[in-house]
Amino acid sequence: MTDVETLLARLRDAPLDSRLDGLDARVMAEIAGIPTAPSLGATAFGLASVMALVVGIAGAAVPASPADATPISPFDANQALAPSTLLGAQ
């Protein structure tokens, strides 16, 4: 046996600590004593869903400017953010 196995065997054979008696009951009593959070009613969920619907319709109804995206490629000859173009702009 190695030292670790000897230590584990001694730990296995050692008597249990008396403070562990009734630990489960004490833990469950503490958990039962914790106050629960108030539950939200159907009214709150209804208001949230109506608000989400209004925001979604308003976001779709308001015209937005179209996005003008240009493709960026590391092999592009026209690199606007290259260090040589950024330093030479002054």
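Using a 4.5 Å cut-off between side-chain heavy atoms of Ile, Leu, Val, Met, Phe, Trp and Tyr, with links allowed through other members, Val27 and Leu20 fall into the same hydrophobic cluster. Ile31 is connected to Leu23 through a chain of hydrophobic side-chain contacts under 4.5 Å among Ile, Leu, Val, Met, Phe, Trp and Tyr, so both are in one cluster.
Crowding of Leu16 atom CG: a count of heavy atoms from other residues, nucleotides or ligands under 6.0 Å not exceeding 12.
Closest non-hydrogen pair, Arg19 versus Arg26, comes out as O-NH2, 2.9 Å.
For the side-chain contact (heavy atoms from CB on, under 4.5 Å) test with Val4, the passing option among Thr6, Leu8, Leu7 is Leu8; the others fail.
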